[in-house]
Every structure is written in C-alpha cells, then in structure tokens.
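To keep things clear, I will list the structure first and then write my remarks on it.
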Amino acid sequence: MSDAKKTRPQVPEGESRFLKTTQKQANEKGYIGYDTTWTPFQKEVAYTTPKKP
C-alpha cells in the first residue's frame, strides 16, 4: 500500500423537488458527511373548533 493520503472528490449539490443535499468538509478522521435540507411540501393550518349546532 502507498502512504499517500486518500482524498474524496468534490461532489456537486444534489437537488430535487423537495430535497437538497450538500457535501460537508472532512473532519479530522477523514469522514465526509452530507447535509440534507428538506423544504416543506404541506401547509400547516391552525386548528379551529367547529361551531356547535
């Protein structure tokens, strides 16, 4: 095996309709993680009690 330090290639941002994925920086152990950002796809409406008959 060689003593060369392994590097990961830079991955472009991934985008879909409700999801965005970006690559994090490597930590001291060399682990590279990913951030996942969800955009809401449902609207939240405040609940109101119905009228009594």
Side-chain angles (χ1 to χ4, degrees):
M1 296 274 171
S2 66
D3 292 330
K5 188 174 183 179
K6 294 181 182 179
T7 59
R8 293 277 307 251
Q10 183 66 25
V11 178
E13 287 186 354
E15 287 192 44
S16 66
R17 188 171 176 191
F18 301 113
L19 181 69
K20 184 175 184 180
T21 305
T22 54
Q23 186 176 12
K24 292 182 181 179
Q25 295 295 322
N27 64 8
E28 66 277 350
K29 293 183 181 179
Y31 175 75
I32 298 177
Y34 297 90
D35 279 326
T36 305
T37 308
W38 287 93
T39 55
F41 52 91
Q42 290 182 333
K43 292 182 181 179
E44 267 191 46
V45 179
Y47 177 76
T48 57
T49 55
K51 292 181 181 179
K52 292 186 178 182

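What's counted below: heavy atoms across the whole structure, side chains too, no hydrogens, waters or symmetry copies.
- Here E13 pairs with E15, K20, T22 under the side-chain contact (heavy atoms from CB on, under 4.5 Å) rule; sequence neighbours left out.
- For E28, there are no salt bridge (Lys or Arg N to Asp or Glu O under 4.0 Å) partners, not counting sequence neighbours.
- The salt bridge (Lys or Arg N to Asp or Glu O under 4.0 Å) analysis of residues 42-53, with sequence neighbours excluded, yields no pairs.
- With sequence neighbours excluded, the residues satisfying salt bridge (Lys or Arg N to Asp or Glu O under 4.0 Å) with K24 are D35.
- The ring-ring contact (aromatic ring centres under 6.0 Å, His included) test applied to Y47 returns no partner, not counting sequence neighbours.
- Counted within 6.0 Å of CZ on F18, heavy atoms from surrounding residues, nucleotides or ligands total more than 12; the atom is thus considered enclosed.
- Listed by chain and number, the residues in a side-chain contact (heavy atoms from CB on, under 4.5 Å) with T36 are L19, T21, W38 (sequence neighbours excluded).
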